[in-house]
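Single-structure report; data block below.
Treat the numbers as computed from the prediction; the structure is a model and nothing was measured. The chains referred to below are lettered A, B, ... by the order of the sequence lines, with proteins before strands, and numbering in each begins at 1.
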Amino acid sequence: MTDQTATQPQIREVSVGDALRLAEAGYRIIDVREELEWNDGHIPSATLLPLGDVLDRIEAVVPDKTTPLLVHCAAGARSARAVARMQSLGYTNAVSLKGSMLDWRRLGGDWEAPQPLLTPAQQRRYSRQLLIPEIGQKGQRKLLDGKVLLIGAGGLGSPSALYLAASGIGTIGLVDDDAVDESNLQRQVLHTVDRIGMPKTESARITLNALNPETRIVEHRERLTADNVERLIANYDVIVDGTDNFDTRYVLNDAALKLRKPVVHGSIYRWDGQITTFVPFAGPCYRCMYPTQPPEELAPSCAVAGVLGVLPGIVGLLQANEVFKLLLGVGETLAGRLLMFDAMATRFDEVKVWRDPQCPACGEASPFVAASVQVAETLEPAAR
Amino acid sequence: MSSVRIPPVLRDAVGGSRSVAASGATVAEVLRDLFQQFPALRDRVTEDGELSRFVNVYVNDRDVRYREGLETPVAEADTVILLPAMAGGSS
Ligand SMILES: [Zn+2]
């Protein structure tokens, strides 16, 4: 017996394997690392009590000195000292984990890496949104992780892209093969006089990244067709449809059903707009709503019929509003409702849109689903 | 008389009105009265005497396809909405 062993209090040390069994058996876990280490990851049921605080705070944290305690740090040195200090205060049942947290995790020990917090810059930039209970840090994280594809960087795409980028949507894809034309500037507020002739996706990227350099803008300089639609939409969470023709809308509808992507629909004509949201197999699709497309003279494009400049602004922002709810998973979308805006009368109306069991795209014979399990709930009650 | 909402693309066939009055106890009767008043409208939305498939008809907020079709009853206070698809968006 040396002097050293006489003065060094005897402490009990356990291996990682034994520690896992003790944790299972109900030992209370005390993490004596520093707060910064804790923030990088920790055992979910553990209590943080840095070594320097043990003498001062252990009695408040663990009033019963016979409580079985499993004390750990990163590798076993600090926890041994912590257990010695606890014993000096009369704790009789504390053991030190002699082993690394890497081994703990490798052997299947519980571990929790906290949600990646927003950076200080993000906290400042999005502070007004963080104050909203339905958004907060977690919701903002969802928006920052969100990927939204806009079909068209023109009338409807302009206002939605501006507000989606401003509020921190992480990735915005733009599908458009047009160049900026002088006649676009009356309503397509993404573009500017000095960019006439520039590809719209490029002009949009310049505007959106000036507004929010953090948003990733993906340019798809092509027209959406049956051949490229699945590739274009595959990596996005929500599709915003602002196309100018029926063929594209039907092509998009079918691919979105196949790949289970929600589509926020908007269309405009002079003083009138329509908005709805299609959630695959949970609500109606575009073909349920409009099984047959009208002849051209009954559905002229804006280029032929004209459009009030402010109208795509209003309709496009109502589409963006749907995107937020879809990404955040809050509120009530326009699924199953067609919202109609009449700018001349300043009036909103809505009609119900039901899922059609005979729909060739999403009905009982849908090629995109093995068994159309949910059809019944989305039908008009009388038709069930 | 019930009121019939006319979509923008069809307004020139009814003299520019957003809404016109028509009488009838069913959708079919209301449409018959409407087409008598506005023959130009009939040419635009019927094929071989039948309502074209690209025009959705609602009584208030309900699509008549999921009720009794053209036999869906229409009350005096009801609003009938004619609604063909709109194309416009991007360009
Ligand atoms: Zn459908």
Side-chain angles (χ1 to χ4, degrees), chain A residues 150-157 176 178 181 184 188 200 241-246 248-249 265-274 286 289-305 307 312 315 337-338 340 342 344-345 349-354 356 379-380 382-383, chain B residues 2-20 27 35 38 40-48 50-69 71-74 77-91:
Chain A
L150 306 183
I151 315 294
L156 292 171
D176 204 310
D178 270 352
D181 182 83
N184 299 150
Q188 301 185 13
K200 282 186 183 176
D241 176 15
T243 47
D244 54 0
N245 67 86
F246 290 107
T248 309
R249 292 194 194 270
H265 167 97
S267 56
I268 49 179
Y269 176 88
R270 292 184 179 162
W271 297 83
D272 287 75
Q274 297 182 352
Y286 188 64
M289 189 166 81
Y290 294 123
T292 316
Q293 72 179 66
E296 221 162 280
E297 72 271 15
L298 268 189
S301 70
C302 295
V304 175
V307 65
V315 172
R337 297 184 287 151
L338 176 68
M340 298 175 290
D342 178 345
M344 187 72 93
D349 283 292
E350 67 177 61
V351 292
K352 294 191 166 58
V353 185
W354 294 100
D356 182 355
L379 300 180
E380 150 105 354
Chain B
S2 309
S3 86
V4 183
R5 304 274 307 277
I6 307 296
V9 286
L10 297 175
R11 281 177 199 155
D12 59 337
V14 299
S17 302
R18 329 173 70 69
S19 180
V20 297
V27 170
F35 294 155
F38 307 104
L41 186 62
R42 173 184 16 225
D43 301 340
R44 301 281 290 279
V45 300
T46 60
E47 282 170 315
D48 308 322
E50 300 276 314
L51 189 67
S52 299
R53 287 191 56 215
F54 56 80
V55 181
N56 289 350
V57 181
Y58 298 83
V59 174
N60 301 324
D61 66 348
R62 308 271 301 274
D63 189 334
V64 301
R65 276 188 293 163
Y66 301 109
R67 297 189 62 197
E68 291 137 73
E71 297 312 311
T72 304
V74 178
D78 287 344
T79 300
V80 176
I81 302 174
L82 301 183
L83 200 66
M86 267 199 274
S90 150
S91 67

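Asn60(B) approaches Val351(A) most closely through the heavy-atom pair O-CG1, 4.0 Å. Across all their heavy atoms, Arg53(B) and Pro291(A) have their closest contact at NH2-CB, 3.9 Å. Nearest heavy atoms, Ala85(B) versus Tyr286(A): CB-OH, 4.0 Å. Contact between Asp356(A) and Tyr66(B) at its shortest, heavy atoms only, is CB-OH, 3.0 Å.
Proximity to chain A involves both the backbone and the side chain of Arg44(B), based on heavy atoms less than 4.5 angstrom apart. Contact of Leu338(A) with chain B is made through the side chain alone, with heavy-atom distances under 4.5 Å. With a threshold of 4.5 angstrom between heavy atoms, Leu83(B) approaches chain A through its backbone and through its side chain. Interface remark: Gln293(A) contributes backbone atoms only to the contact with chain B (heavy atom separation under 4.5 Å). At a 4.5 Å heavy-atom cutoff, Asp241(A) makes no contact with chain B through either its backbone or its side chain.
Taking CZ from Arg5(B) and CG from Asp342(A), the interatomic distance works out to 7.0 Å, rounded to the nearest 0.5 Å. With rounding to the nearest 0.5 angstrom, the CH2 atom of Trp271(A) is 9.0 Å from the CZ atom of Arg18(B).
Proximity of a side-chain donor or acceptor of Asn56(B) to a complementary backbone N or O of Met289(A) within less than 3.5 Å is detected.
Each of Pro84(B), Pro7(B), Ser52(B) has some count of heavy-atom pairs under 4.5 Å with chain A, and the biggest count is that of Pro84(B).
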